Asker: 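Handing you this structure, nothing more for now.
Numbers here simply count residues along the sequence, with the first being 1. Computed from a predicted structure; not experimentally measured.
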Amino acid sequence: MPKIRIFYGSSTGDTARVARLISGEMGDLVESVTSIAYAEQRDLSDAEALILGVSTWADGQLQQDWKRFLPELDEMDLSGKTVALFGLGDAQGYSGEFVTALGTLYRKVVERGGSVVGFWPSGEYRFQRSGALHGDMFVGLVIDQENEPGRTKDRVKQWAAQIRPHFENCNAAELAESADA
């Protein structure tokens, strides 16, 4: 069965913890969970499906490891890949740039042909601006570990239930195509 590879960038450990929570919820669909600091371009290129996690720093900047890896995405073709995104941010401390790095990653994935699933409602969060909005939805799961750590597990569980069928259907379609070949 085709598998999901999860890649994340984490400076404080929060994004890594959320990546592991997501992996736990997605269960047998996940092949690996890896820091983007240790990833190579082929690790993402060879993946059948991806979940990518990033935190936002200062005035909307990508986490350091993602900042270094982002140019690698410019050389990749993500066409035909199902991709889900999650991002961490601080809605109170950085209300004007809340999870903006998530939006940066989203735009790059779409530019490279990835099919993004897992948009998340923004209504429960209090912030001024975000570069991760598409209409009134975030472009992926948003976690505010600074201000709402008690909501993280429930949000991850709900989001995983939302995205699971996309990956199962994607995988079923891929298996059917390979069987027809």
Side-chain angles (χ1 to χ4, degrees), residues 1-26 29-90 94 97-120 130-134 137-143 145 156 159-160 163-164 166-167 169-171 173-174 177-178:
M1 173 193 292
K3 299 284 187 171
I4 301 165
R5 292 184 185 169
I6 300 175
F7 294 93
Y8 64 88
S10 190
S11 298
T12 64
D14 287 340
T15 310
R17 280 188 286 282
V18 172
R20 287 190 298 272
L21 284 172
I22 291 168
S23 176
E25 289 295 329
M26 298 300 287
L29 292 177
V30 175
E31 176 182 357
S32 62
V33 181
T34 307
S35 170
I36 199 68
Y38 302 110
E40 295 181 17
Q41 186 182 38
R42 74 171 183 265
D43 297 329
L44 279 75
S45 295
D46 292 348
E48 295 165 351
L50 296 165
I51 296 177
L52 307 176
V54 65
S55 55
T56 299
W57 288 86
D59 60 348
Q61 300 301 308
L62 287 166
Q63 185 272 343
Q64 250 183 349
D65 298 326
W66 269 113
K67 192 173 187 177
R68 281 192 294 268
F69 192 85
L70 201 64
E72 298 286 329
L73 286 177
D74 286 329
E75 300 173 18
M76 294 175 60
D77 180 8
L78 298 177
S79 299
K81 290 194 192 303
T82 300
V83 182
L85 305 170
F86 70 97
L88 278 70
D90 179 349
Y94 296 96
E97 295 295 337
F98 184 51
V99 294
T100 290
L102 177 63
T104 302
L105 189 55
Y106 166 77
R107 287 185 289 283
K108 183 59 70 177
V109 167
V110 169
E111 172 188 301
R112 305 310 307 152
S115 176
V116 178
V117 300
F119 282 33
W120 187 252
S130 176
L133 287 172
H134 186 26
M137 301 286 283
F138 286 117
V139 295
L141 172 64
V142 169
I143 300 294
Q145 196 65 15
V156 166
W159 185 69
I163 65 171
R164 181 177 263 283
H166 294 283
F167 289 106
N169 290 339
C170 163
N171 293 342
E174 289 172 2
E177 286 175 16
S178 65

Asker: Please answer whether the main-chain N or O of Val33 pairs with a side-chain N or O of Arg5 as donor and acceptor at a distance below 3.5 Å.
Answerer: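 Not at all, since once roles are kept as given, no pair shorter than 3.5 Å links the two residues.
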Asker: Just verifying a value: how many Å separate Ile4 CD1 and Phe167 CZ, rounded to the nearest 0.5 Å?
Answerer: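 Rounded to the nearest 0.5 Å, the CD1-CZ separation comes out at 4.5 Å.
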Asker: To the nearest 0.5 Å, how far apart are OG in Ser35 and OH in Tyr8?
Answerer: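 These two atoms lie 5.0 Å from each other.
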Asker: Examine Phe138 together with Tyr106 and report whether their ring centres are nearer than 6.0 Å.
Answerer: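 No - the distance between ring centres of Phe138 and Tyr106 does not fall below the 6.0 Å cut-off.
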Asker: Minimum heavy-atom separation for Val156 to Ile143, with atom names?
Answerer: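 Nearest heavy atoms, Val156 then Ile143: CG2-CD1, 4.3 Å.
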Asker: Within the distance-only criterion (no hydrogens, no angle test), does the side chain of Ser32 pair as donor or acceptor with the backbone N or O of Thr34 below 3.5 angstrom?
Answerer: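 No; judged by distance alone, with no hydrogens or angles, the pair does not exist.
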Asker: State the CZ-CD distance between Phe69 and Glu72, to the nearest 0.5 angstrom.
Answerer: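 Atom-to-atom, Phe69:CZ and Glu72:CD are 5.5 Å apart.
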Asker: Let me see the working for Thr104 and Thr56 under side chain to side chain contact (heavy atoms under 4.5 Å, CB included), right down to the final yes or no.
Answerer: CA-CA 10 Å; Thr104 302; Thr56 299; over 6 Å; no
Asker: Check Gln61 against Ala101 and note the closest heavy-atom contact, atom names and distance.
Answerer: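 Here Gln61 and Ala101 meet closest at O-CB, 3.7 Å.
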Asker: Does any N or O in the side chain of Arg164 come within less than 3.5 Å of the main-chain N or O of Met26, such that one atom is a donor and the other an acceptor?
Answerer: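 Checked: pair present.
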Asker: Which heavy atom in His134 sits nearest to a heavy atom in Phe119, and how many Å separate them?
Answerer: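 Smallest heavy-atom distance, with atoms named: CD2-CE2, 3.0 Å.
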Asker: Could you tell me if the side chain of Ile36 sits less than 4.5 Å from the side chain of Leu44, heavy atoms only?
Answerer: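 Sidechains of Ile36 and Leu44: in contact.
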Asker: Quick check: do Val99 and Leu88 have side-chain heavy atoms less than 4.5 Å from each other?
Answerer: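 With C-beta onward as the side chain, the pair stays apart.
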Asker: To the closest 0.5 Å, what do you measure between CG (Leu73) and CZ (Arg112)?
Answerer: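 One gets 8.5 Å once the value is rounded to the nearest 0.5 Å.
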Asker: Taking Trp159 for the side chain and Gly118 for the main chain, is one N or O donor matched with an acceptor at less than 3.5 Å?
Answerer: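 Pair found, side chain donor or acceptor close to backbone of Gly118.
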Asker: Roughly how far, to the nearest 0.5 Å, is the CH2 atom of Trp57 from the CG atom of Asp90?
Answerer: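 CH2 of Trp57 is found 10.0 Å from CG of Asp90.
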Asker: I'd like to know if the side chain of Thr15 reaches the main chain of Ser10, judged simply by a donor and an acceptor atom lying under 3.5 Å from each other, with no hydrogens or angles considered.
Answerer: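 No, the answer is negative, given that no donor and acceptor are paired below the 3.5 Å cut-off.
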Asker: Run the numbers on Ser55 and Trp66 for side chain to side chain contact (heavy atoms under 4.5 Å, CB included), then give the verdict.
Answerer: CA-CA 9 Å; Ser55 55; Trp66 269 113; over 6 Å; no
Asker: Side chains of Val54 and Leu62, heavy atoms from C-beta outward: is any pair under 4.5 Å?
Answerer: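 Yes, at least one pair of side-chain atoms sits under 4.5 Å.
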Asker: Any luck finding a side-chain donor-acceptor pair between Gln41 and Asp43 under 3.5 Å?
Answerer: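 Looking only at side-chain atoms, Asp43 and Gln41 do not form any donor-acceptor pair under 3.5 Å.
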Asker: Is the shortest heavy-atom distance from the side chain of Asp65 to the side chain of Arg68 under 4.5 Å?
Answerer: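 In short, these two side chains touch, coming nearer than 4.5 Å.
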Asker: Start with the C-alpha distance between Ile6 and Ile22, add both sets of side-chain angles, then the distance that settles side chain to side chain contact (heavy atoms under 4.5 Å, CB included), and finish with yes or no.
Answerer: CA-CA 9 Å; Ile6 300 175; Ile22 291 168; 4.1 Å; yes
Asker: Of the non-hydrogen atoms in Arg17 and Thr12, which two are nearest, and what is the gap between them?
Answerer: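 Shortest heavy-atom contact: NH2-O, 4.0 Å.
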Asker: Is the backbone of Arg42 close enough, under 3.5 Å, to the side chain of Glu40 for a donor and an acceptor to pair up by distance?
Answerer: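 Here the side-chain-to-backbone pair does not exist.
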Asker: Would you give the length of the straight line joining atom CD of Glu97 to atom OG of Ser130, rounded to the nearest 0.5 angstrom?
Answerer: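 Here the rounded value is 8.0 Å.
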Asker: Looking at Lys108 and Asp74, is any side-chain nitrogen of the basic one under 4.0 Å from a carboxylate oxygen of the acidic one?
Answerer: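 Yes, Asp74 and Lys108 are salt-bridged.
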Asker: I'd like to know whether CD of Gln64 has more than 12 heavy-atom contacts from other residues, nucleotides or ligands below 6.0 angstrom.
Answerer: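 No, CD of Gln64 has 12 or fewer neighbouring heavy atoms, counting only those of other groups under 6.0 Å.
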Asker: List the atom of Gln63, the atom of Gly9, and the distance in Å for their closest heavy-atom pair.
Answerer: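 Looks like OE1-CA, 3.3 Å.
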Asker: Picking from Thr82, Leu50, Val109, Leu78, what satisfies side chain to side chain contact (heavy atoms under 4.5 Å, CB included) with Val116?
Answerer: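 In the set Thr82, Leu50, Val109, Leu78, the residue that makes a side chain to side chain contact (heavy atoms under 4.5 Å, CB included) with Val116 is Val109.
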Asker: Decide yes or no on side chain to side chain contact (heavy atoms under 4.5 Å, CB included) for Ile51 and Leu85, but give the supporting numbers first.
Answerer: CA-CA 6 Å; Ile51 296 177; Leu85 305 170; over 6 Å; no
